[in-house]
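What follows is a short report on a single structure.
Note that the structure is predicted; figures quoted are calculated from it, not measured. In what follows, every chain begins at residue 1, and chains take the letters A, B, ... in the order their sequences are listed.
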Amino acid sequence: MRFSRMLLPTLRESPGDAEVISQKLMLRSGMIRKVAAGIYTLMPLGVRVVSKVEAIVREEMTMAGAEEVAMPFVIPAELWKESGRWDEYGKELLRVHDRHGREFCLGPTHEEVITDLARGTLRSYRDLPKNLFQIQSKFRDEIRPRFGLMRGREFTMKDAYSFHADDDSADKEYQNMYETYCRIFERCGLSFRAVEADTGAIGGRFSHEFMVLADTGEDAVASCNKCSYAANTEKAQTKKVPVSDETPFEKSIERISTPGKKSVEDVSAFLNVAPERLIKTLIYETANGPVAALVRGGFELNEIKLKQALDTAFVRLADEKTVKEVTGAPSGFAGPIGLKARLLADFSVMGMTGAVAGANETDAHVTNVSAQRDFKAEYADLRTVVEGDACPKCDGTLKIMRGIEVGHIFKLGTKYSEKLGATFLDGKGGEKPMIMGCYGIGIGRTAAASIEQNHDEAGIIWPKPLAPFDCEVVPVNVKDETVLKAGEAIYTELTKAGLDVLLDDRDERAGVKFKDADLIGIPVRVAIGERNLKDGNVEIKDRKTGVVSLVKLSETTDAVKRHFDITMGRSD
RNA sequence: CGGGGCGUGGCUCAGUCUGGUAGAGCACCGCGUUCGGGACGCGGGGGCCGGAGGUUCGAAUCCUCUCGCCCCGACCA
C-alpha cells in the first residue's frame, strides 16, 4: 500500500479529551475517529489491526471446533422478556421501537438469540455438543464510556455459545475454550493472566476472565506469589483468621463522645486508636429490607460478595433517611450493638476484642467491644482483599495488579435453556434442558490492550501478529529519482515475497516520515537515503529494539524476511 | 442520576473577569529556499465563537434556557 493513497491522518497532538495511552495513540496514528461518546469510526489502519485480531480469533475458534454464525444486531423484545432480562438488564440495554411501535433492543450480548436458535434446531443428544460463535458489533449504553475502544458503547466482540447434553461435556468445552483463549492471547503477543471472576449480569456458575496486565486497567486482580491462584478482586478471597478463644475479654463496654467524628480516619485519629481496632458498620438497602454489614476498619466492603452472601440481586448503600430509621442516628455512628437489623459481618470482625464501634447515637461511639461477646452476626467473606493478604489456596501472599479484561468465559449451566425451553431428548427419551457455556472476547479492546502494553515515547510498537503492516519502506527523499526508484523496487520485491508493505511515497521531509513511522509502529522499517544508496546500502530498523543495520540493496528482502523468521513464531 | 469543568478555523489553545464586532501555534493552498528525525521566508484560504432567547446603541464576553463533551462519584461484561 502507498501512504499517499491511504486515509491515514496522523496527528501531532492528541485531542484534549483522550485519556489513556492507547486512545491517544489510536487517535494520533489515524486508526480511529470519535463520532459520539463511546462510538468510533475505524479508519483503514484501525481496520487492519482489528482484522488481524479477528483473523487470529477466527482461526483458533475454528480449530477448536466452533462454527461461525452471524446473528442480528437488532433483537425483538419478546426474546429478552422470555429470559427475564428485559426487566433485569437495566439502562445499559438500549431499547428502540420500529415504525409499528414494536419493541426491540440493540444486542449487548446474544444468549437469548442463540438459545432461540438452539431450541429451534437442536432436538437430540445426537445433535450435541455444538459451539457457535460470531464476531459482531454489540451495543451497551454504558453509564460512562471512556478510554476509546477500551470501553466504548458500540464495540466488536467475539461471542461463542456452546450447548451440551451433560455437565461433563460442558466442562470439557470450558477447558477447551480456556486453552483456546490462552493460545489466542499468546498469538496476539500479550502478557495476560486468566483469573477467577464474578459472573455478573450474564449469570452462570463459574467463570474466568482473561486479563491483560497494564497499569491503566480498570480491574484489579489479586494473584498469589507462590501458587497459581489468581482472581478478580471482585471475587478474590483470603484465608480466614482463626479466632483465639483463650481468655474471654473482660473490660465492659463504654460509651464515649465523638462529636462530628464519622469516618474511620476521623474516629481513629480522635481516639488515637489504630483503624484496625474499629468496626465499620455500613447500612445497606436490599430487596429484603435493610441490612447492616460489618467490616474491620481499613478494609473495604465488597458489594458483590455481600450480594452473594445475601443471595440477592440488589444491594445499595442506604441513604441518610434509611440510616436514621435503622440506627436512630445520622450515618457515621452506626454500630452492631442493639441494632435492629439483620447483621452480617466479615470474617475480619470475628475475632475483634477491645474494638470501637458506632453507638447508634448522634456523636457517640462505644469502646471495649468484643465481637463474640457483644453481638451476634452471620459471618461471611465480605471484604475486598488487599495487597499482602494470605492466599486462600496455599501459604503464599496476594499481590494486587491492574488488568484489562479482554476475554471472559462462563459456564452458564441451564439458566437460559430452562427459561427459553431449549431442551433435547436424551438416550432414554427424556427431555432435558441443554447445558450451556458462553465465551467472549473484546476485539477492539484486545487491540487497545496491546498498545497499552507495547508503546514508547514515540508511539505504538505493534507486536508482529497485530501490526497493520509487516514492513514500512521509506524513500527518504522522493524527489531523488534513484532513491524513489530503489524504494519502489524494494516495495515490489517485499510485496512479492509475501509481506504486507507500506511505502511512504509522500513528498515529505525525512523527519516527518520517520516520526510518522515510529508513531504508527510498524515492526520493521527500511529507509533508503541518498548517502547509503551511493554505497549500495539501505538501512533496516527494528521498531521494538531500535536496532539499526545497514544491508546491501540486493539483500534487502532476505534481510527483512530473516527479521520475521527469527521472531515470527506462533507465540509472538 | 449527584458534584465539578469545558464548548472559539481540521488539531492544541488565548481572548470572557473589566461588552466595542476574532487571534496564536500546528495543519491546509501558492511561490521560493531547504531536504536522514515533525525546516524557513513571503503570500493566501478557512470561524452564524455549540444552539435558542434575552439585556444593550453594540454580545465570543452579561443573563436565562437548551444541546454536546470531559472529569469525580454512584453504577457496570
Please tell me whether T180(A) and Y439(A) have a donor and an acceptor in their side chains that are separated by less than 3.5 angstrom.
no
Checking the side chain of N232(A) only, and the main-chain atoms of K235(A) only, is there a donor and an acceptor separated by less than 3.5 Å?
no
Expressed in whole Å, how much space separates the P atoms belonging to rC1(B) and rA14(B)?
30 Å
Give a yes/no on whether any side-chain N or O of K307(A) is located under 4.0 angstrom from OP1 or OP2 of rC76(B).
yes
Hey, what are the protein-to-nucleotides 7-14 of chain B N/O distances that come in under 3.5 Å?
from, atom 1, to, atom 2, distance (Å)
rU12(B), OP1, G16(A), N, 2.6

Pairing partner of rU61(B), by Watson-Crick or G-U wobble and under 3.5 Å for both distances, is none
Just wondering, do Y174(A) and H208(A) contact through their side chains at under 4.5 Å, heavy atoms?
yes
For rG23(B), the nucleotide meeting Watson-Crick or G-U wobble distances (both under 3.5 Å) is rC13(B)
Between rG45(B) and rC29(B), how far apart are the P atoms? Round to whole Å, please.
15 Å
Closest-nucleotide 5' rank along RNA chain B - winner of K34(A) and E405(A)
K34(A)
rG73(B): pairing nucleotide in any strand, Watson-Crick or G-U under 3.5 angstrom:
rC1(B)
Would you verify whether the NZ or CZ of R95(A) falls within 45 degrees of the ring axis of W80(A) while also being under 6.0 Å from that six-membered ring's centre?
no
Residues which pass side chain to side chain contact (heavy atoms under 4.5 Å, CB included) with S14(A), listed by chain and number, not counting sequence neighbours:
K24(A), R28(A)
Per nearest nucleotide of RNA chain B, the residue lying toward the 5' end, T10(A) or G152(A), is T10(A)
In 5'-to-3' order, the base (B), backbone-only (S) or no-contact (-) status of each nucleotide in nucleotides 31-37 of chain B, using a 4.0 angstrom heavy-atom cut-off, is ---BSBB
Could you work out which one of rA77(B), rA74(B), rA27(B) sits closest to the side chain of H408(A)?
rA77(B)
Just by modelled atom types, is the D504(A) backbone N or O under 3.5 Å from a matching donor or acceptor in the K513(A) side chain?
yes
D159(A) and Q134(A): side-chain donor and acceptor closer than 3.5 Å?
yes
Any carboxylate oxygen within less than 4.0 angstrom of a Lys/Arg side-chain nitrogen, looking at E303(A) and K307(A)?
no
Are any of the side-chain nitrogens in D456(A) or K544(A) under 4.0 Å away from the carboxylate oxygens of its partner?
no
